[in-house]
Every structure is written in structure tokens, then in C-alpha cells.
Amino acid sequence: MKVLFFASLRERLNCDQEEWTDTAGITSPQDIINRLIERGAPWNEALQNGKLLVSINQEMAHLNSQLEPTDEVAFFPPVTGG
């Protein structure tokens, strides 16, 4: 599973992507967030606000959407502008 981070989230985490081979127990994007939060700072600080957007295989999704081990999951903060 490929996990991507974009925009200010990428900067806060100092990470743009990870490859996960151990996806046991990961069935949704929320499961990924929960596992990342366990790492402590800065992960918990960046991911606990509950305002993240998520896409699965480049399509907008929900935090409780179903994942497959080969999916690409991207997280990014809400954006505004014209």
C-alpha cells in the first residue's frame, strides 16, 4: 500500500510518501491515521485534527472507506481559494 501526504501536511510530517507492506488490520484510511498517530509527534499533532481529506487511487474517499492492500491512499489538508 502506498501512503501519500500532500501540501502543508507533507511539510509538517517531513514526509511525502511511504510504502506499507504490513497492512494487517488496515481496512480503512482511518486505520492508517490511527497507526500513524501511534508514532507520536509530529504525527499525532498533524493527524488528530479530524479535518483531513483523503483519496483512494486518486478518487476522493471517506475515512471509513474500504481499502485493499494494493491501494494508493493520499491525505491532504482542506484547501480554500478561488
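Throughout, residue positions are numbered sequentially from 1 according to the sequence presented. Atoms considered below: every heavy atom in the structure, side chains included; atoms not considered: hydrogens, waters and symmetry mates. All values derive from a computational prediction rather than experimental measurement.
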Find the distance between CD (Glu11) and CZ (Phe6) and round it off to the nearest 0.5 Å.
-> 13.0 Å
Could you please spell out the steps behind the side chain to side chain contact (heavy atoms under 4.5 Å, CB included) verdict for Met60 and Leu53?
-> CA-CA 8 Å; Met60 296 304 295; Leu53 299 176; 4.1 Å; yes
Tell me yes or no: between the side chains of Glu38 and Asn34, is some donor less than 3.5 Å from an acceptor?
-> no
Residues which pass side-chain hydrogen bond (donor to acceptor under 3.5 Å, both in side chains) with Asn64, listed by chain and number, not counting sequence neighbours | none
Above 12 or not: heavy atoms from other molecules or residues under 6.0 Å from CD of Gln58?
-> no
Supply the atom-to-atom distance Glu45 CD to Leu47 CG, rounded to the nearest 0.5 angstrom.
-> 10.0 Å
How far does NZ of Lys51 sit from CG of Leu9, to the nearest 0.5 angstrom?
-> 14.0 Å
Is it true that Ile26 and Leu4 fall in one hydrophobic cluster, defined by side-chain heavy atoms closer than 4.5 Å?
-> no
Could you go through residues 66-79 and list every donor-acceptor pair under 3.5 Å that involves a side-chain atom there, pairing it with any protein atom two or more places apart or in another chain?
| from | atom 1 | to | atom 2 | distance (Å) |
| --- | --- | --- | --- | --- |
| Asp71 | OD1 | Asn57 | ND2 | 2.8 |
| Asp71 | OD2 | Glu68 | N | 2.7 |

Kindly write out the residues that satisfy side-chain hydrogen bond (donor to acceptor under 3.5 Å, both in side chains) with Thr23, not counting sequence neighbours, or none if the list is empty.
-> none
Do you reckon Leu13 sits in the same ILVMFWY cluster as Val54, going by side-chain contacts under 4.5 Å, direct or chained?
-> yes
Would you say Glu19 and Met1 make side-chain contact, with heavy atoms under 4.5 Å?
-> no
Output all residues satisfying side-chain contact (heavy atoms from CB on, under 4.5 Å) with Asp16, sequence neighbours left out; order by chain, then residue number.
-> Arg10
Arg39 meets the side-chain contact (heavy atoms from CB on, under 4.5 Å) criterion, sequence neighbours left out, with Glu18, Trp20, Leu36, Trp43
What are the two closest heavy atoms between Pro42 and Arg12, and how far apart are they?
-> CG-O, 3.7 Å
side-chain contact (heavy atoms from CB on, under 4.5 Å) partners of Asp22, counting only residues at least two apart = Ala24, Arg35
